[in-house]
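Take a look at the structure below.
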Amino acid sequence: MGNPCMRMTKKEMVKPLLENEGEICHYDLQKITVGILGTGDFARSLATRLVCSGYGIIVGSRYPKRNGNLFPRAIEVTSQREAIERANIIFVAVHREHYSSLSELRDGLMGKIMVDVSNKLEVNEHEESNAEHLASRFPGSRVVKGFNVISAWTLQTGARDGNKQVMICSDSQEAKCMVIEIARNMGFIPVDMGLLSSAREIENLPLRLFPTWKMPVILAAVLFVVFYVYAIIRKVIHPYVVKGQNPFYKIPIDVVNATLPCVSFVMLSLVYLPGVLAAIFQLRNGTKYKRFPRWLDQWLQQRKQLGLLSFLCAALHAVYSLCLPMRRSARYWLLNEASALARGEKKNPWVEEEVWRMEIYLFFGILAIGVLSFLAVTSLPSVANSLNWREFNFIQSRLGFTALVISTLHVLTFGWRKAFDSAQYKFYLPPTFTIALIVPSIVLLAKVYLFLPCVNRKLIRIRQGWESSHHMKFCEPHRARDFSDFNAESVSMV
Ligand code: NAP
């Protein structure tokens with residue numbers, strides 16, 4: 001028998017595995033002359049990068065003599081007509097508004113590949129995408145959308161900075177394949193986005209400004225303002241009104257440091273609350289094949305952002321806490337205490353219970369920030385990609401929940417007996433930490449309920465596909481959507 005490879009002839013070994021592999025995506029660079037229409041920022045960067053990647057370049061300009069000096073000598077700048085006649089693929093590095101000025105080149109562009117790199121100024125600015133608009137103006141050409149997500153700067157610096165992905169789409173498979181190959185040779189990661197109709201989505205990509213962060217940031221800001229005002233009333237206004245003191249110096253550090261842990265704590269519980277709600281929905285519906293309400297779906301998708309904002313607040317709280325003794329007010333207070341002790345006006349301030357409380361309180365605080373840091377690091381795409389689903393789920397779900405329990409213990413040891421001390425109820429307002437405990441307590445109690453063996457068993461069965469009603473129900477076509485649109489990720493991430 002022997003090794004089958006040994007029986008292969010050298011000729012057979014160099015033959016591609018797929019019959020048409022060579023035809024599909026590998027083109028001889030030397031045979032391809034790439035044309036670029038336009039001599040602006042993008043055209044210059046693109047031309048330089050294509051030359052570095054081994055392509056022959058010809059640039060077409062309305063004013064070749066004037067604009068030729070803007071390019072390196074290796075790049076030929078000529079008239080628009082000559083450029084399109086000599087090139088196989090033409091990058092249209094011209095703004096959409098000026099596509100009409102290219103109309104007289106229509107016959108020369110017949111059958112050629114036109115790459116639309118243009119961007120819009122606003123999301124969904126026009127009814128049709130720029131690429132579709134170009135295709136309608138040049139029906140005889142094969143239009144490909146791509147490279148609009150790459151800035152002129154990234155083209156200049158190489159694919160080292162920013163995102164390396166280039167989304168590409170076209171109605172012509174062959175044309176798309178050629179542009180994909182060019183993107184790959186330039187050091188980018190081409191992503192096939194299908195037909196030209198996807199151009200609308202691709203053109204919206206560079207205009208997005210952290211869409212998934214909007215709600216979490218607003219929520220964090222609202223929580224911050226609420227807790228900050230609450231802390232000011234208790235820590236500043238109350239002593240000023242009742243005791244005639246002047247504690248306004250506490251506003252920048254002390255009050256902020258009382259606010260940050262509350263925001264962090266509530267945000268962390270909001271990471272786990274939607275999972276609890278999803279479980280309750282599934283238990284109530286007796287199936288996992290029914291869609292969650294839209295708000296819950298969106299909330300589930302934004303848990304990572306909520307968690308990272310919680311970590312940010314916790315990290316700032318740690319830094320603020322470390323800086324507390326550095327304040328001049330803290331030093332004066334310490335000096336006064338020491339001198340009062342020396343004069344015998346005060347007794348030894350060592351209170352065993354307080355010492356232990358502080359030790360345990362700090363212990364839980366350090367542990368919580370450690371676990372939260374670990375969670376934040378594992379949510380980075382490069383780290384998350386190196387984990388399998390079970391590892392990722394274990395860290396984000398189990399360890400994340402552990403962080404919530406540790407944080408709760410940290411808050412409880414901070415509060416100790418304060419919740420039962422009437423002196424702590426300034427203007428009849430309960431201490432800030434008791435307010436911060438409300439949502440996390442609900443989450444923890446709900447989790448305990450879901451862990452009850454009878455409830456947990458049912459939930460596991462539901463998530464494995466069991467349905468409380470085994471009979472097929474007739475449903476109207478519009479309701480059938482509820483079942484077909486089921487978002488598996490939302491459930492599996494609970
Ligand atoms: P630009 O600096 O304003 O250059 C546009 C070029 O279009 C001009 O240099 C001009 O070259 C040419 N052009 C052809 N016909 C024209 C006409 N009728 N009126 C005015 N100019 C005409 O723009 P750019 O920044 O290079 O952007 C070019 C395209 O790339 C745009 O669609 C843009 O959305 C897209 N893009 C740019 C970037 C970027 O970082 N800049 C990133 C992604 C995508 P001639 O005078 O030599 O003909």
Side-chain angles (χ1 to χ4, degrees), residues 34-50 57-72 75-87 89-106 108-109 114-126 128-138 141 143-169 179 182-183 186-191 193 196 199-209:
V34 177
I36 300 174
L37 288 179
T39 54
D41 296 335
F42 194 79
R44 288 200 298 277
S45 305
L46 180 70
T48 313
R49 187 137 186 93
L50 281 166
I57 302 294
I58 184 147
V59 175
S61 170
R62 292 168 304 162
Y63 315 107
K65 279 203 182 116
R66 190 191 70 183
N67 297 342
N69 305 331
L70 302 170
F71 288 79
I75 297 166
E76 190 182 343
V77 180
T78 179
S79 68
Q80 289 180 329
R81 179 152 297 276
E82 193 184 340
I84 59 161
E85 273 166 9
R86 284 171 49 192
I89 299 176
I90 296 113
F91 282 80
V92 185
V94 173
H95 292 281
R96 176 192 167 121
E97 308 84 77
H98 304 136
Y99 287 172
S100 54
S101 68
L102 305 175
S103 296
E104 59 203 45
L105 304 171
R106 192 171 289 136
L109 287 163
M114 294 176 82
V115 186
D116 181 288
V117 298
S118 66
N119 273 322
K120 292 187 279 195
L121 296 176
E122 283 170 35
V123 175
N124 296 332
E125 191 183 1
H126 305 281
E128 59 180 354
S129 64
N130 292 354
E132 287 169 311
H133 177 63
L134 188 71
S136 67
R137 283 193 166 273
F138 298 90
S141 310
V143 174
V144 179
K145 180 82 209 178
F147 290 90
N148 62 311
V149 291
I150 300 292
S151 69
W153 167 253
T154 305
L155 282 167
Q156 269 178 34
T157 54
R160 293 186 299 274
D161 287 358
N163 198 338
K164 289 183 189 174
Q165 287 189 340
V166 177
M167 320 302 169
I168 295 169
C169 70
V179 178
I182 291 174
M186 287 168 80
F188 295 109
I189 304 166
V191 181
M193 295 286 285
L196 199 64
R200 201 165 173 185
E201 192 189 334
I202 298 176
E203 285 170 14
N204 283 338
L205 287 176
L207 299 170
R208 287 192 338 198
L209 189 67

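We use all heavy atoms of the structure for the numbers below, so side chains are in, but hydrogens, waters and symmetry mates are not. One-based numbering, in listed order, for ligands and for the atoms of each.
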Q: List for me each residue that meets side chain to side chain contact (heavy atoms under 4.5 Å, CB included) alongside Ala183, sequence neighbours excluded, and say none if there are none.
A: Phe147, Ile168, Pro190
Q | Partners passing side chain to side chain contact (heavy atoms under 4.5 Å, CB included) against Glu125 (at least two apart in sequence or in another chain) | A | Lys120, Leu121, Glu122
Q) How about His126 and Arg96: do any of their side-chain heavy atoms sit closer than 4.5 Å? A) yes
Q) Do we see a donor-acceptor contact under 3.5 Å between the side chains of Ser103 and Ser100? A) no
Q | Pairing of Lys145 and Glu203 as salt bridge, 4.0 angstrom limit | A | yes
Q: Report the residues that fulfil side chain to side chain contact (heavy atoms under 4.5 Å, CB included) with Glu82, sequence neighbours left out, ordered by chain and then residue number.
A: Glu76, Thr78, Ser79, Arg86
Distances only, to 0.1 Å: what are the N or O pairs between ligand 1 and the protein that fall under 3.5 Å?
from	atom 1	to	atom 2	distance (Å)
ligand 1	2 (O)	Asp41	N	3.3
ligand 1	3 (O)	His95	NE2	3.3
ligand 1	9 (O)	Gly40	N	3.1
ligand 1	11 (O)	Thr39	N	3.2
ligand 1	11 (O)	Thr39	OG1	3.3
ligand 1	18 (N)	Ser101	OG	3.1
ligand 1	19 (N)	Arg62	NH1	3.3
ligand 1	19 (N)	His98	ND1	3.3
ligand 1	21 (N)	Arg62	NH2	3.3
ligand 1	23 (O)	His95	NE2	3.0
ligand 1	26 (O)	Asp41	N	3.1
ligand 1	26 (O)	Phe42	N	2.9
ligand 1	32 (O)	Val94	O	3.1
ligand 1	34 (O)	Asn119	N	2.9
ligand 1	40 (O)	Ala152	N	2.9
ligand 1	46 (O)	Arg62	NE	3.4
ligand 1	46 (O)	Arg62	NH2	2.8
ligand 1	47 (O)	Thr39	OG1	2.5
ligand 1	47 (O)	Ser61	OG	2.5
ligand 1	47 (O)	Asn67	ND2	2.9
ligand 1	48 (O)	Arg62	N	3.1
ligand 1	48 (O)	Arg62	NE	3.0

